[in-house]
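Let me begin by presenting the structure, written as structure tokens, before commenting on it.
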Amino acid sequence: MPLVNYITYIMDIATKYEPQLIEDKWYAFWMEHKLFASKPNQKPSYTIVIPPPNVTGILHMGHMLNNTIQDILIRRARMMGFNALWVPGTDHASIATEAKVVAMLKERGIDKRSLSREEFLKYAWEWKEKYGGIILKQLRKLGASCDWDRTKFTMDPEMSEAVIDVFVDLYNKGKIYRGVRMVNWDPKALTAVSDEEVVYKELQSKLYYVRYKIEGADNEFVTIATTRPETILGDTAICMHPEDERFQHLKGKRAIVPLVNRSIPLIFDEYVDREFGTGALKITPAHDINDYNLGLKHHLDTINIFNDNGTLNENAQFLVGVDRFKARDEIIPLLEKSGNLVKIEDYTNKVGFSERTNEVIEPKLSVQWFCKMGEMAKPALEVVMNDDIRFYPEKFKNTYAYWMENVKDWCISRQLWWGHRIPAYYLPNKEFVVAKTKEEALEIAKKKFPGLNLTIHDLQQDEDVLDTWFSSWLWPMAVFDGIRHPDNEEVNYYYPTSALITAPDIIFFWVARMVMAGLEWNGRVPFKHVYFTGTVRDKLRRKMSKQLGNSPDPILLMEKFGADGVRLGMLLSSPAGNDLLFDEALCEQGRNFSNKIWNAFRLIKGWEISENIPQPLHSQTAIQWFNVRYNEALAEINDHFDKFRISDALMAVYKLIWDDFCAYFLEIVKPAYQQPVDEKTYQDIVDIFERLMQLLHPFMPFITEEVWHNLRERGENESIMATQMPQVDKRGDVTDILVRFATAQKVVENIRRIRAEKNIAQKNPLELLVLKQGEADEAMDAVITKLCNLSKIEYVTEKVGGTCSFIEQNIEYLIPVMQNMNVEEELKKLHADLEYAEKFLQSVLKKLANERFVSNAPEQVVAVERKKQADAEEKIKLLKEQIANLS
RNA sequence: GGGAGCUUAGCUCAGUUGGUUUAGAGCAUCUGCCUUACAAGCAGAGGGUCACAGGUUCGACUCCUGUAGCUCCCACCA
């Protein structure tokens with residue numbers, strides 16, 4: 001490598017911020033000093049409980065967004081003087097985990113069915129200890145400031161006990177019952193799933209027209225249309241609309257089911273849509289929820305033709321043992337052969353899939369446990385509608401209200417082994433008792449049935465476990481042991497939690513139920529604010545998915561851009577509730593920002609400090625201005641946080657640092673090349689930089705800690721995390737300096753534009769003439785002089801030839817230009833300005849000429865218009881003079 | 001089928017109770033710069049009849065009505 005290139009190479013490395021080592025170093029430091037730990041104390045609490053990720057889960061972009069926001073809120077609260085606690089943990093995720101374990105067993109050549117429940121659970125725990133909770137480790141990389149010593153798992157012994165307590169309590173209150181219902185059966189997971197766990201997808205399918213012979217009539221048929229011809233084998237009626245003229249003559253008759261030759265009644269019900277298909281509907285009460293309801297109403301037989309795994313059973317008589325989809329294909333030729341198939345049409349319909357296994361849901365009649373929701377929903381609805389709990393964005397209140405008003409009972413049993421086993425114990429006489437333990441169950445049973453002479457061996461515990469959400473809904477209380485010990489110090493201190501950060505798709509599964517549970521067992525809401533994040537999508541608006549391969553690995557992203565960079569990238573474009581269109585370019589922007597800060601830091605550290613030189617006026621002015629500007633931004637940022645506008649808050653910090661601090665402030669106070677900086681200015685710069693790092697810390701914890709530590713001498717145990725966030729200074733009206741500085745900025749921009757247009761390098765000094773009478777603003781002039789490399793600013797009363805000029809605040813500024821000026825271009829620009837000003841004046845005059853405006857609008861508004869008029873007229877006058885001078 | 005929400009610059013979004021010059025930001029774009037913190041950078045510039053059509057008002061991006069398009073939620077018609 002040639003020497004010159006080599007030097008450039010070394011310089012490049014030095015100027016880049018390298019997050020990897022720095023991030024690991026500081027995370028270890030925070031852990032070592034237990035800076036995330038919290039215990040109840042005198043300070044007010046600020047609590048967040050993590051939405052527990054599946055114990056099987058690995059970090060994806062949704063987690064990144066969600067947890068970044070939680071960390072920001074927690075870190076900020078900590079610095080705002082709260083005792084901040086973020087409780088981490090994982091969810092046992094019955095179906096997902098059981099599936100993983102079954103898969104693991106299969107790999108080892110073990111069939112789940114060959115194992116006893118106890119044996120299986122042993123493997124499951126083994127799996128959990130070995131592979132579970134990876135996600136929590138990954139969160140550390142992100143910088144998550146969770147109190148890790150408090151990590152909870154929904155199947156920890158005390159958590160499980162709470163779940164069982166709650167079940168028993170609800171049962172005793174009469175809110176849990178056992179019943180035969182049509183449930184959503186997942187034939188792959190072999191369990192019922194709740195309505196919320198079913199997702200409907202549109203499918204291209206067929207509509208089969210099949211005719212049924214009318215009993216006792218020759219050559220008379222009724223034709224139905226169905227998408228599931230295999231269920232014909234379970235038909236127990238045909239239904240038509242009572243007012244449908246086409247079928248009046250069939251009233252009271254019966255039909256014959258094809259193939260199985262069963263005689264079934266023809267019934268009439270308004271449920272049937274006369275327009276659809278043939279107007280006749282086959283009824284299979286065992287395998288369709290609507291048919292089931294009609295069956296109840298019309299007292300129909302129920303014939304279950306499916307096994308639990310979705311194959312046909314003996315009741316079907318045909319195709320026994322064949323899978324339901326294969327049976328659909330195979331029954332068609334049979335129907336054709338028997339002369340019952342009329343025609344087949346293409347048809348698009350919606351089919352329910354299990355969210356967990358992606359298997360087509362089979363409606364199935366079975367005995368399940370249910371939890372009554374109606375009574376609990378009422379108060380839970382109330383607290384959201386009256387803003388005891390606030391939703392961000394607010395629109396989700398509607399969704400929530402609709403669900404709560406139409407809430408249905410919750411199917412809480414699952415036919416799995418991994419989970420909280422239902423504490424119901426069956427007796428030899430088919431009765432059951434519900435109790436916390438088998439021993440307690442025995443006591444109750446003995447009292448209830450004294451004649452049975454029961455022993456512990458007569459009791460058989462229910463084989464099912466509870467829906468995973470039946471433990472999740474207790475999470476905000478249970479992590480503080482607030483179910484078993486409702487009045488303990490921790491739950492009294494930390495509960496209700498401050499904010500819940502979650503995704504809107506679990507508003508019913510989880511959020512609503514937590515509210516119910518909180519009110520039921522604690523009497524208070526579980527959280528004050530609920531912030532709903534959007535869905536993370538790719539830049540083409542597609543959801544992140546494994547199949548599309550459009551989901552980046554967050555760990556790799558953090559290695560590439562730094563955790564700080566990725567955190568920033570996640571947030572830069574994600575207002576609450578709006579989908580985040582993720583693009584690596586956003587992380588790049590985050591990384592660039594890290595680098596910008598890093599270089600500002602390098603700049604300052606490179607200066608020599610002198611106690612012997614006085615503070616220049618421009619530096620003094622810049623410091624005065626920046627402090628006011630900081631205060632203004634701080635107030636704005638606080639306001640954004642109050643409204644949970646996190647990305648707006650970030651943008652405000654971002655601009656404060658990049659635009660105000662780097663682009664203006666540092667450029668003003670920067671000493672000339674190889675010149676020292678005066679002590680006073682230096683100290684103020686460090687102070688300002690420090691306060692900026694504090695403001696940014698919640699968003700970018702790592703780089704801010706690194707810079708903060710190196711700005712001054714720090715003690716071994718000090719951390720930016722433990723500092724107090726600066727507070728808004730409300731004293732005095734200080735907007736004057738902001739206005740004056742803004743004007744100075746305009747002047748600077750004009751001079752820079754002229755330099756660019758005239759191709760005059762920054763190193764060549766310019767003179768600035770100001771056509772103004774009265775006092776000069778020396779402080780701002782000093783700033784302008786520094787930023788624009790002026791040799792002097794002179795106040796004049798008359799125009800000078802050979803100058804470029806511009807107007808700011810109706811003051812004319814002139815710059816003598818040595819080179820030949822392009823008069824034509826100058827004039828063109830002036831004419832454009834003039835045209836703009838005149839058009840503007842016209843619009844103002846038009847308004848003022850409107851008598852109704854003048855008489856109706858508030859005085860203030862009219863005054864503003866008159867001021868606009870005066871200003872515009874003055875500007876036009878100046879522009880005309882300039883044009884005259886040049887012509 | 002029912003409900004909610006959205007439509008502002010090329011993209012993603014702000015725009016607080018109607019009136020602060022003729023609508024803002026970030027990114028992207030264009031032009032010129034390797035200037036001594038930073039080319040992952042600096043300086044400057046361009047870009048929008050606020051979806052459409054009406055209405056209310058002295059005045060509408062903002063309020064009302066209708067139309068079109070998009071998104072989400074709920075229901076689950078075979």
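Per chain, numbering begins at 1; letters A, B, ... match sequence-line order. Values in this document were obtained by computation on a predicted structure and should not be read as measured data.
As judged by a 4.0 angstrom heavy-atom cut-off over every strand, A/Leu281 is placed among the base-contacting residues. If you check every strand for non-hydrogen atoms under 4.0 Å, A/Asn398 touches sugar and phosphate atoms only. A/Phe508 comes within 4.0 angstrom of the backbone, heavy atoms only, and of no base. A/Tyr402 comes within 4.0 angstrom of the backbone, heavy atoms only, and of no base. Here A/Arg645 lies in heavy-atom contact (under 4.0 Å) with sugar-phosphate atoms only. Residue-level contact check: A/Asp583 touches neither bases nor backbone, having no heavy atom under 4.0 Å from any strand. Contact annotation for A/Glu865: no contact, since no heavy-atom pair falls under 4.0 Å across all strands. Contact annotation for A/Glu667: base contact, defined as any heavy-atom pair under 4.0 Å involving a base atom. Across all strands, A/Cys662 comes closer than 4.0 Å to base atoms (heavy-atom distances). Counting any heavy atom pair closer than 4.0 Å across all strands shown, A/Trp658 reaches sugar-phosphate atoms only and no base atom. Here A/Asn290 lies in heavy-atom contact (under 4.0 Å) with sugar-phosphate atoms only. Across all strands, A/Lys839 comes closer than 4.0 Å to base atoms (heavy-atom distances).
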Derivation and outcome, side chain to side chain contact (heavy atoms under 4.5 Å, CB included), residues A/Arg328 and A/Arg228
CA-CA 7 Å; A/Arg328 185 174 305 169; A/Arg228 301 198 60 191; 3.5 Å; yes
Does the pair A/Arg542 and A/Asp538 meet the rule for a salt bridge (charged side-chain N to carboxylate O under 4.0 Å, His left out), with working shown?
CA-CA 5 Å; A/Arg542 300 174 305 183; A/Asp538 67 10; 2.8 Å; yes
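B/U22 has A/Tyr836 stacked on its base ring, the centres lying under 5.5 angstrom apart and the planes within 30 degrees of parallel.
Judged by distance alone, the side chain of A/Ser619 and the main-chain N or O of A/Thr681 form no donor-acceptor pair under 3.5 Å. Side chain of A/Asn750 to backbone of A/Lys746: a donor-acceptor contact under 3.5 angstrom is found.
Taking the P atoms as reference points, B/U17 lies 50 Å from B/U35, given to the whole Å. The P atoms of B/G44 and B/G54 are separated by 42 Å, rounded to the nearest whole Å. Nucleotides B/C61 and B/A14 place their C1' atoms 12 Å apart, quoted to the nearest Å. If you take atom C1' in B/G24 and the same atom in B/G5, they sit 23 Å apart, rounded to whole Å.
Taking atom CZ of A/Arg211 as the reference point, atom C1' of B/A78 lies 20 Å away to the nearest angstrom. Rounded to an integer number of Å, the gap from CZ of A/Phe391 to C1' of B/G5 is 16 Å. Going from atom CZ of A/Phe276 over to atom P of B/A78 covers 5 Å, rounded to whole Å. Distance A/Ile507 CD1 to B/G3 P: 19 Å, rounded to the nearest Å. Counting to the nearest Å, the C1' atom of B/C76 and the CD atom of A/Glu362 are 15 Å from each other. Between the CD1 atom of A/Ile754 and the C1' atom of B/A43 there is a distance of 14 Å, given to the nearest Å. In this structure, A/Tyr200 places its OH atom 15 Å from C1' of B/G1, rounding to the nearest Å. A/Asp639 places its CG atom 14 Å from the C1' atom of B/G15, with the value rounded to the nearest Å.
The nucleotide whose nearest atom lies closest to any side-chain atom of A/Thr227 is, among B/A75, B/C38, B/A78, B/A78. The side chain of A/Thr399 lies closest to B/C73, out of B/C38, B/G44, B/C73. Looking at the side chain of A/Thr15, the nearest of the listed nucleotides B/C38, B/C77, B/G44 is B/C38.
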Pairs under 3.5 angstrom, nitrogen or oxygen only, protein versus nucleotides 55-59 of chain B, please.
| residue | atom | partner | partner atom | Å |
| --- | --- | --- | --- | --- |
| B/C58 | O2' | A/Asn850 | ND2 | 2.8 |

Quick one: which protein N/O atoms are closer than 3.5 Å to N/O atoms of nucleotides 25-28 of chain B? Pair and distance per line, please.
| residue | atom | partner | partner atom | Å |
| --- | --- | --- | --- | --- |
| B/A25 | O2' | A/Lys655 | NZ | 3.1 |
| B/G26 | O2' | A/Gln589 | NE2 | 3.1 |

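Applying the 4.0 Å criterion to OP1 and OP2 of B/A37, one finds that A/Lys670 has a side-chain N or O inside that range. OP1 and OP2 of B/A75 both lie 4.0 Å or more from every side-chain N or O belonging to A/Lys350. Between A/Arg591 and B/A40, a side-chain N or O to OP1/OP2 separation shorter than 4.0 Å is absent. Contact between the side-chain N/O atoms of A/Tyr271 and the OP1/OP2 oxygens of B/C77 is found at a separation under 4.0 Å. OP1 and OP2 of B/C77 both lie 4.0 Å or more from every side-chain N or O belonging to A/Asn349. Note on A/Arg541: a side-chain N or O is less than 4.0 Å away from OP1 or OP2 of B/U12. OP1 or OP2 of B/A78 sits under 4.0 Å from a side-chain N or O of A/Tyr347.
Geometrically, A/Lys847 engages A/Phe853 in a cation-pi contact, judged by NZ or CZ lying under 6.0 Å from the ring centre and within 45° of the ring axis.
Under 3.5 Å, the side chains of A/Glu865 and A/Gln869 contain no donor-acceptor pair of N or O atoms. With no hydrogens or angles considered, no side-chain donor-acceptor pair links A/Tyr271 and A/Asn293 at under 3.5 Å. Counting only N and O atoms by type, the side chains of A/Asn710 and A/Glu706 include a donor and acceptor under 3.5 Å apart.
Checking A/Asn750 against A/Asp288, the closest nucleotide of RNA chain B that is more toward the 5' end is the one next to A/Asn750. Residues A/Thr226 and A/Val864 each lie close to RNA chain B; by heavy-atom proximity, the contact nearer the 5' end of the strand is made by A/Val864.
A/Tyr654 and A/Phe593 have tilted rings, their planes meeting at an angle from 30° to 60° on a 0 to 90° scale. Ring-plane geometry between A/Phe532 and A/Phe396 is classed as tilted, the angle between the planes lying from 30 to 60 degrees on a 0 to 90 degree scale.
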Using Watson-Crick and G-U wobble pairs whose two distances are both under 3.5 Å, how do you write the pairing of RNA chain B as dot-bracket, with | for links to another strand?
(((((((..((((.....[....)))).(((((.......))))).....(((((..]....))))))))))))....
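The side-chain heavy atoms of A/Arg752 and A/Gln762, taken from C-beta on, include no pair separated by under 4.5 Å.
Between the OH atom of A/Tyr209 and the NZ atom of A/Lys343 there is a distance of 4.5 Å, given to the nearest 0.5 Å. With values rounded to the nearest 0.5 angstrom, A/Leu790 atom CG is found 6.5 Å from A/Leu766 atom CG. A/Glu632 contributes atom CD, which lies 9.5 Å from atom CG of A/Leu656 (distance to the nearest 0.5 angstrom).
Taking a 6.0 Å sphere around NZ of A/Lys875, one finds it holds 12 or fewer heavy atoms contributed by other residues, nucleotides or ligands.
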